[in-house]
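What follows is a short report on a single structure.
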4 protein chains.
Amino acid sequence: MSSEKSRSRGRPRDENARQAVLRAAKELLDEHGLGGVTIEAVAARAGVSKPTIYRSWKNSYAVAMAAFLETTETQLPVKASGSAVADLRKHLRKVAEVFTTRTGRSVAAMIAASQSETELAKAFRNHFILASREEGRKILQRALTQKEMRSDIDFDVTLDLIYAPLYFRLLVGHGNLDNAFTDSVLEHALIGLAERPQKKR
Amino acid sequence: MSSEKSRSRGRPRDENARQAVLRAAKELLDEHGLGGVTIEAVAARAGVSKPTIYRSWKNSYAVAMAAFLETTETQLPVKASGSAVADLRKHLRKVAEVFTTRTGRSVAAMIAASQSETELAKAFRNHFILASREEGRKILQRALTQKEMRSDIDFDVTLDLIYAPLYFRLLVGHGNLDNAFTDSVLEHALIGLAERPQKKR
Amino acid sequence: MSSEKSRSRGRPRDENARQAVLRAAKELLDEHGLGGVTIEAVAARAGVSKPTIYRSWKNSYAVAMAAFLETTETQLPVKASGSAVADLRKHLRKVAEVFTTRTGRSVAAMIAASQSETELAKAFRNHFILASREEGRKILQRALTQKEMRSDIDFDVTLDLIYAPLYFRLLVGHGNLDNAFTDSVLEHALIGLAERPQKKR
Amino acid sequence: MSSEKSRSRGRPRDENARQAVLRAAKELLDEHGLGGVTIEAVAARAGVSKPTIYRSWKNSYAVAMAAFLETTETQLPVKASGSAVADLRKHLRKVAEVFTTRTGRSVAAMIAASQSETELAKAFRNHFILASREEGRKILQRALTQKEMRSDIDFDVTLDLIYAPLYFRLLVGHGNLDNAFTDSVLEHALIGLAERPQKKR
DNA sequence: CGGTAAACGAGACGGTACGTCGTGTCTTTGA
DNA sequence: TCAAAGACACGACGTACCGTCTCGTTTACCG
């Protein structure tokens, strides 16, 4: 229950230092990419000592990740219109658009960094990937109640189906990330690939 | 007529050295991951000098990439049965299975490395990603001629739709990469998400 | 009054490391000559990292020079007897004797190194060459007061005249550096080369 | 006439190559000092391969030495006037003057290089140092016959006495190498340092 | 209100790896 | 059979960051 702040002995962490670090890390991330976020560079730019950084974060990736998560909008919500499918289309367009900016590069870099850092992987997964799918999940829910989608679909698989192609192109860069692409992905996913006797629509 | 490569002047590159380097790099990649493929370690294990490596490759990532591409099967072909859809299901299962092995970790690492190395990105894209989609493309083609799939689908989008979820889970690790998943992805993609008046099946 | 050096911020240099470096450098200098004093070898032998050495010295020559100066006696003093000329003879013999030892090789090497390193040249000049002439200068002074030498001689020129032949033979090696030589040099310098009407002595 | 068999089998050494090498080495020596005379640089500038150089010289110092000796005047003769002492003064002035030019730097560099290369030391000693003393020796001889100098002087010691101070200042740089200095050295050497009962002059 | 514990900056430390340079040798092709 | 071109093993270079460690100083709590 301990409602006490517990306020451990000694001098408290300097909030200014924390923010200076994160600001510096964000700038370096934007300017030079993940590889530019070295502890030394961050320390120098933030006017902070290296131990001060290591006191709060495990390594440079952790700092970069914290800076990224702290300053990046994950949800990209769309105002609900009558058509959930239309909302989803709009949402995916927004996601793709963000992916073409510097933020997209950072997302890719974070995923890359996650490969060798298990803890970061988890952090990024929970605080960015899964978080950013929430909006999609909501829209899917709406689509279901409005009977715009089949009731027996698996949400997790469906979310992968429509988000993964965007991440895939972000990471591999084998094709554009424009509206035409996101629309087409959604269209294919909705109609389905299989030939069927009586076409509709 | 001499279409010969003209055999440039001077001592030719030592093929033994080349192979020793790639073998050492592959071993290090498997044993310690991409981070373990340092030029110094490769040179030491291959019994080769550092300049010899730098003469042929730009940096450690390039060596690792070359070693990976040279020793990894990309196509994962399936014997054509009567049903193209069944073949596709089988193929995706194989891909997912490979992704759960050490090779999968390497694929992820390569994609990660590609983020900061444009040339590598291209090499990996062309020699692995696109190459490995060829089998899928062939099956898709077969599905079309056998009228198992709609004739108006976009191949590139379709390939992204069915492959991307696998890569996504490989990279983000937010869910399993088992048969149930690949089957489900394929099923959803085939049937389509949209509700439709007259249900089939 | 605090004439204190103000104790610059941060962790102070490790005195043990400094000494280990100089000791290692001195050993290498003695064992393999100046060419053997590589930063890598010094670091390895001293159990110190390369950056630690570079933090304190500009390059390998600077380390060798420091090690040499720190461990080499420069003055070679002689107890004053009644005759300043006799003292000078004794002193020059001592210098020549040292020049035939390992220390002599080092002196030569240092002069050689000084050719390409201006800063080192200055250091060596001030801390070895000029310092080692001080004993000669003192004796000269004594010779003057005792009227053993002409009062109108130029000290700097005189010092060059009697020391230079020793350095010359050290560096060029065209003749012995024994007592006969130093005595002869001194004798010639004292009496003078010129023929004169009435000979003395 | 060229039916001579001497023409040892195969392709003869290319005399042009030899000269190109020496010319390149001399240029590099003048431009960047001895440290600039690397085999690679010489080969590149001379348009010659490295093995071609190694076929004729042991290492870079040998090349530099050869280039230096081939292009440098050693004797610096003076026209004999009535006074040998005057001639000697003039000669020493010329030596000192040369020592203040680029050639002087090269002489110093060669002496420096000689410290670690025994063969070079010998070559330089014989072909430069001793050669350049020949003029002094001749003048000394003349001085003797003209009774300008004492008949019992030791030539080798005397030569060291008057040349060494010049080399000393060249190498250590603790004082000027001007006419005042050379004249003063000679004057001191001639008159002698010792006080004597009856002053002359 | 004075101790004391912990944070702070500065910066040196042992390490690891980097990518480059020059060495002297060796191997091929071409003249 | 030589020369050019250039690859080779070797070894050292000087630099960049890493993550850890002293330092001396500052801040805030607690007794």
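What you are looking at is a predicted structure, and each value in this text was computed from that prediction instead of being measured. Lettering follows sequence order; numbering is per chain, from 1.
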Contacts of A:P51 and B:A17 projected onto DNA chain F by closest heavy atom; the upstream (5') one is B:A17
Does a nitrogen or oxygen in the side chain of D:T52 sit under 4.0 Å from OP1 or OP2 of F:dC2? no
To the nearest angstrom, the OH-P distance between B:Y54 and F:dA12 comes to 18 Å
ask   = Under a 4.5 Å cut-off applied to non-hydrogen side-chain atoms, are B:R13 and B:R55 in contact?
value = yes
Within a strict 4.5 Å, meaning less than it, do heavy atoms of the C:L22 and C:W57 side chains meet? yes
Separation of F:dA12 atom P from C:I53 atom CD1, nearest Å, is 13 Å
Expected list for residues 59-71 of chain D near DNA chain E, using heavy atoms below 4.0 Å, is D:N59, D:S60
Phosphate oxygens OP1/OP2 of E:dC8: is one of them under 4.0 Å from a side-chain N or O of A:S49? no
To the nearest angstrom, the CH2-C1' distance between C:W57 and F:dG14 comes to 16 Å
Looking at E:dC13, does its base get a donor-acceptor pair with the side chain of C:R11 below 3.5 Å? no
Atom NZ of D:K58 and atom C1' of E:dT25 are separated, to the nearest Å, by 15 Å
Across all chains, not counting sequence neighbours, the side-chain contact (heavy atoms from CB on, under 4.5 Å) partners of A:A20 are A:A46
Within the 3.5 Å criterion, strictly below it, is a donor on D:R18 or D:S56 matched to an acceptor on the partner's side chain? no
A:R18 atom CZ is separated from E:dG9 atom C1', nearest whole Å, by 20 Å
Output for pair (A:L28 CG, A:R23 CZ), nearest 0.5 Å, gives 12.5 Å
Checklist entry - Does any N or O donor sit under 3.5 Å from an N or O acceptor when you compare the side chain of B:K50 with the base of E:dG19? => result yes
In whole angstroms, the gap separating P of E:dT27 from CD of B:E15 amounts to 17 Å
Is there side-chain contact between C:E117 and C:K58, with at least one heavy-atom pair below 4.5 Å? yes
Note: for C:G47 and A:S56 on DNA chain E, the residue whose nearest nucleotide lies more 5' is A:S56
Side-chain atoms of residues 103-113 of chain D: list all donor-acceptor pairs with protein atoms under 3.5 Å, sequence neighbours left out, distances to 0.1 Å.
from: D:R105; atom 1: NH2; to: C:Q115; atom 2: OE1; distance (Å): 2.7
from: D:S106; atom 1: OG; to: D:R102; atom 2: O; distance (Å): 3.4

Over all strands shown, is C:R55 touching base, sugar-phosphate only, or nothing at heavy-atom distances under 4.0 angstrom? base
To the nearest angstrom, the CZ-P distance between C:R13 and E:dA10 comes to 17 Å
Residues at least two apart in sequence or cross-chain that pass ring pair (Phe, Tyr, Trp, His ring centres under 6.0 Å) with A:Y61, listed by chain then number, are none
In numerical order, the residues of residues 32-39 of chain A whose heavy atoms come under 4.0 Å of DNA chain F are A:T38, A:I39
Atom CD of B:E40 and atom P of F:dG11 are separated, to the nearest Å, by 13 Å
Residues at least two apart in sequence or cross-chain that pass side-chain contact (heavy atoms from CB on, under 4.5 Å) with B:T38, listed by chain then number, are B:E40, B:A41
Find out whether D:R125 and D:S114 are in side-chain contact, i.e. whether some heavy atom of one side chain is under 4.5 Å from a heavy atom of the other.
-> no
